[in-house]
Amino acid sequence: QVQLVESGGGLVQPGGSLRLSCAASGSIFRINSMGWYRQAPGKERELVAQMLSDGSGHYADSVKGRFTVSRDTAKNTAYLQMDRLKPEGKAVYYCKAPSTAWGRGAQVTCSS
């Protein structure tokens, strides 16, 4: 089963920005529609953003207006631009398409 690889996580101060990448390198799998998920310690994994096949995005209310999905078809990579991050501590972000397995995720910590 294809596994997508997340990268770009890190430590950011409240109000800052990060861009996560999701790649299917080394695979013939083409990223089309997929979802970005977030899991904080002790909490269930939640869907925060979806990229539809036409490239448009749907967002959870908690991130609407701050997060943006995009993709580079030439690089077969999807992105999650996260702006005005809130001091919610640590969370792991995952990207996943319907036919792919869960990856290792990218850890994001937003704290002052």
Side-chain angles (χ1 to χ4, degrees):
Q1 195 173 17
V2 174
Q3 187 178 78
L4 303 178
V5 179
E6 304 90 347
S7 62
L11 174 65
V12 61
Q13 290 191 339
S17 298
L18 276 178
R19 189 178 77 160
L20 303 182
S21 300
C22 171
S25 59
S27 170
I28 61 173
F29 178 82
R30 303 303 300 178
I31 292 178
N32 192 6
S33 60
M34 42 79 70
W36 285 96
Y37 299 78
R38 175 174 66 191
Q39 187 168 26
K43 296 187 177 181
E44 292 189 357
R45 193 174 296 173
E46 60 175 338
L47 178 65
V48 297
Q50 281 181 291
M51 184 175 65
L52 305 183
S53 57
D54 64 357
S56 62
H58 283 188
Y59 304 93
D61 288 343
S62 59
V63 306
K64 197 173 294 183
R66 299 186 298 117
F67 288 14
T68 307
V69 296
S70 63
R71 66 186 174 199
D72 184 329
T73 55
K75 295 182 179 179
N76 199 24
T77 300
Y79 302 97
L80 179 67
Q81 177 67 40
M82 306 185 293
D83 298 318
R84 291 184 282 134
L85 283 162
K86 296 183 177 181
E88 296 170 319
K90 185 186 304 183
V92 180
Y93 285 76
Y94 303 87
C95 61
K96 187 181 183 304
S99 61
T100 66
W102 290 103
R104 299 182 66 177
Q107 183 168 295
V108 174
T109 302
C110 184
S111 173
S112 55

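Reckoned from all heavy atoms, side chains included, excluding hydrogens, waters and symmetry mates. Nothing here was measured: the structure is a model prediction, and the numbers come from that model.
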- [ ] Determine whether Y94 and L18 fall in the same hydrophobic cluster, where Ile, Leu, Val, Met, Phe, Trp and Tyr are linked whenever their side-chain heavy atoms lie under 4.5 Å apart.
- [x] no
TODO: If the plane angle is over 60° it's perpendicular, under 30° parallel, otherwise tilted; pick one for W102 and Y37.
DONE: perpendicular
Task: With sequence neighbours excluded, residues passing salt bridge (charged side-chain N to carboxylate O under 4.0 Å, His left out) with D54 - done: none
Task: Partner set under salt bridge (charged side-chain N to carboxylate O under 4.0 Å, His left out) for K75, not counting sequence neighbours - done: none
Open item on the list: When you group the ILVMFWY residues by side-chain heavy-atom contacts below 4.5 Å and let the links chain together, are Y93 and L47 in the same group?
Closed with: no
Open item on the list: Regarding K43 and E88, does a basic nitrogen lie under 4.0 Å from an acidic carboxylate oxygen?
Closed with: no
Open item on the list: Please determine whether the number of non-hydrogen atoms from other residues, nucleotides or ligands lying under 6.0 Å from atom CZ of R66 exceeds 12.
Closed with: yes
Open item on the list: Would you say that L85 contacts F67 through its side chain, given a criterion of any heavy-atom pair below 4.5 Å between the two side chains?
Closed with: yes
- [ ] With R19 as the cation and Y79 as the aromatic partner, state whether NZ or CZ is under 6.0 Å from the six-membered ring centre and within 45° of the axis.
- [x] yes
TODO: Please report the closest heavy-atom contact between L52 and R71, naming both atoms and the distance.
DONE: O-NH1, 3.7 Å
- [ ] Take V63 and R38 through the side-chain contact (heavy atoms from CB on, under 4.5 Å) test and state the conclusion after the steps.
- [x] CA-CA 11 Å; V63 306; R38 175 174 66 191; 4.1 Å; yes
TODO: Just grab all the disulfide (SG to SG under 2.5 Å) pairs involving residues 33-112, residues at least two apart or on different chains.
DONE: C22-C95
Task: Exercise: identify the closest heavy-atom pair between A49 and L80 - done: CB-CD1, 4.1 Å
Open item on the list: Using every non-hydrogen atom in the two residues, find where S21 and T77 come nearest and quote the distance to one decimal.
Closed with: CB-CG2, 4.1 Å
Task: Heavy-atom side-chain contact between Q50 and S33 under 4.5 Å - done: no
- [ ] Indicate the atoms forming the closest heavy-atom contact of W36 with E6, along with that distance.
- [x] CZ3-CG, 4.4 Å
Task: Single-linkage hydrophobic cluster V92~L20, side-chain heavy atoms < 4.5 angstrom - done: no
Task: Closest non-hydrogen atom pair, S112 against P14 - done: N-CD, 3.7 Å
